[in-house]
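Note that ligands are numbered from 1 as they come in the structure, with each ligand's atoms numbered from 1 the same way. A quick note: this is a predicted structure, and the numbers were derived from the prediction, not measured.
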Amino acid sequence: MNNEEKNSIFPKIESMLPKEAGYVKAEYEGPDIVVYVKNISALYLDENAIRNVAAAIKKKIIVRSDTSSLMNPEKALEIIKEIIPSEAGVKDIRFVQEFNEVYIESLKPGLVIGKGGINLKNIMIKTGWAPKTSRTPTMSSDTINGVRGLMFNESQFRKKFLRDVGKKINVPIIKSEWLKATALGGFREVGRSSLLLETPNSKIIIDCGVSPGPAVKGMDANPDSDINKAFPYLDSANISINELDAVIITHAHIDHTGFVPYLFKYGYDGPVYCTPPTRDLMALLLNDYTKLVQRSGSSQLYDEKDIKKMLLHTVTRDYGEVTNITDEIKLTNYNAGHILGSAMLHLHIGEGMYNIVHTGDMKYGFTRLFDPARTRFPRLDSLFIESTYGGQGNNAPNRYEAEKNLIGVIKRTIDRGGKVLIPSFAVGRGQEIQLILENYIAMTKNFNLNVPVYLDGMILEASAIHTAYPEYLKESLKNRILNDRSPFESEIFEIVKGEREEIFEKGPCIILASGGMLNGGSSVEYLRRMADDPKNTLIFVGYNSTNSLGRKIQNGVREIPLPNEDGKLVPVQMNMEVATIDGLSGHSDRRQLMSFIQDIRPKPKNVFAMHGEEQRCEDLARSAGRMLHVDGTAPRNLDSTRLK
Ligand SMILES: [Zn+2]
Ligand SMILES: [Zn+2]
């Protein structure tokens with residue numbers, strides 16, 4: 001027995017398992033414990049064996065066969081192919097020696113699993129290999145292939161990393177006497193979101209973003225934008241990066257993730273917790289972000305290598321899974337309704353000492369992509385809530401009106417022979433607009449625009465990632481994807497690959513291009529080519545941050561500098577119509593935020609407003625406090641609050 005085993009719960013696990021199972025060893029694997037046995041079928045005879053152990057030690061237990069009981073992969077492959085029905089559409093089967101697992105990727109994982117998990121059980125009993133299923137996206141995705149390939153190729157590293165993480169999590173600590181929260185970024189502003197939580201024993205960070213405007217030179221409409229406001233205040237808060245126990249990510253947008261690879265570049269080598277779609281979307285958005293920074297000539301914070309390093313340190317958790325991230329802190333992700341995989345975090349600290357809900361960015365209202373944000377939590381003391389539209393009067397029309405307005409502007413433009421440009425965030429708004437257009441054009445018989453809808457930029461790749469995670473989407477949308485009627489693949493969409501000249505020469509059309517705030521992305525080139533024609537329309541459908549080019553145009557600026565083919569800034573006249581359609585945002589408007597605060601259970605004892613312009617954070621904090629008769633505050637960056 002080595003040291004690790006002597007001091008731990010492993011002997012307890014061994015003693016609780018049926019003798020016939022042939023216990024070999026137990027190991028930490030991230031927050032979970034893996035038990036290796038010689039005779040796995042003995043555990044299937046006693047269905048309660050594993051459940052009882054897990055309940056006794058309060059941890060998730062994974063059972064696998066010991067290496068000595070594994071069938072050779074060639075033979076195992078034959079048997080697996082016999083067990084899985086051909087309709088499952090298996091794309092890939094790989095044996096991962098480091099984990100004694102077999103990865104089975106297919107178009108229909110439900111059929112691979114079988115009724116009540118019968119196929120997985122048979123594979124396990126007959127071959128010894130522990131099957132792990134994943135879904136092939138219905139649209140091919142380089143990002144998903146890349147991330148899955150990376151995880152597979154680096155299995156050896158992953159094994160060691162997860163073991164180390166597990167050991168650290170399971171070091172028993174003495175009860176913490178205090179809990180402190182420090183605002184590192186994204187308070188009284190939108191951008192560079194980051195919050196530090198500290199006890200005498202643990203240090204964790206929630207989100208670690210950048211402000212996309214000031215971080216990228218030349219991509220910001222405001223010449224005063226300050227590079228010092230681009231990144232979270234890690235230095236000023238005196239945090240040494242390698243002291244951190246964990247980083248938790250609410251969702252993949254750059255203002256929540258853009259600084260994470262930098263942590264790895266400067267010595268962090270701990271876990272990054274997020275949902276599986278967030279991991280894949282982070283890979284897409286961060287790689288794009290570094291390219292954008294590179295093209296703009298700004299100094300590189302980090303490169304692709306550091307992003308890879310970050311991905312190799314991710315530990316993914318689905319909604320509802322309770323996970324120990326340190327010995328005293330338990331994390332659970334819940335649906336936030338904002339973008340694919342976006343999570344509201346519930347943190348349970350110190351066996352009942354304190355409970356926090358951090359909303360990340362969230363939508364408490366109707367969207368075509370997601371269910372509204374969750375309002376039920378096990379316990380709650382402090383609520384950290386986003387305030388993007390938290391100001392008095394930041395109300396948007398309802399969705400029905402908003403969609404009608406959008407279609408109205410599009411029709412008006414096309415009727416006069418113009419083109420429509422809709423710049424949108426590649427992840428989130430891009431898909432929502434795709435669904436609205438698909439719904440109106442394909443589903444409404446007497447409504448035929450008869451113009452092409454072009455998709456340009458990262459939107460397509462982001463949509464592909466959505467098709468790999470239908471269970472994260474709304475039921476109706478999930479069912480369409482599972483039944484080969486994915487709206488993302490509707491024939492109304494035409495994909496722009498490289499050459500755009502033809503689009504400018506042809507007549508009316510709708511262009512959905514990435515780069516929501518016009519701070520970069522393919523929308524900028526379209527804007528330059530379309531701006532001077534008054535027949536055309538530019539439609540904003542999402543949030544434009546204070547310093548963005550999008551906000552400037554919204555405010556009525558008629559001459560704007562845009563990069564030409566050579567990347568040189570040239571003045572462009574804005575003669576095209578500019579329209580803003582409110583009510584399509586992935587953020588809650590003021591009314592929705594207040595309903596959320598009213599509906600959340602249990603009632604929080606403190607409310608902290610964040611992720612909003614100064615006045616909006618203050619407004620929301622005051623109103624929330626008044627409504628609930630509790631303290632509502634809008635902390636400034638670098639403010640620390642002792643919570644307990
Ligand atoms: Zn967001
Ligand atoms: Zn955000």
Side-chain donor-acceptor pair present, E386, T388, cut-off under 3.5 Å: yes
Charged N-O contact under 4.0 Å between E475 and R368: no
Could you go through residues 304-313 and list every donor-acceptor pair under 3.5 Å that involves a side-chain atom there, pairing it with any protein atom two or more places apart or in another chain?
{"from": "D306", "atom 1": "OD2", "to": "D303", "atom 2": "N", "distance (Å)": "3.0"}
{"from": "K309", "atom 1": "NZ", "to": "F264", "atom 2": "O", "distance (Å)": "3.3"}
{"from": "H313", "atom 1": "ND1", "to": "K309", "atom 2": "O", "distance (Å)": "2.7"}

Cut-off under 2.8 Å, centre the Zn ion (ligand 2), protein N/O/S atoms: D255 OD2, H256 NE2, D361 OD2, H611 NE2
H587 near the Zn ion (ligand 1) via N/O/S, less than 2.8 Å: no
Stepwise side-chain contact (heavy atoms from CB on, under 4.5 Å) test for R622 and D619: CA-CA 5 Å; R622 197 178 313 115; D619 279 0; 3.6 Å; yes
Ring center gap for H256 and H338 short of 6.0 angstrom: no
Short side-chain donor-acceptor distance under 3.5 Å, T467 and R135: no
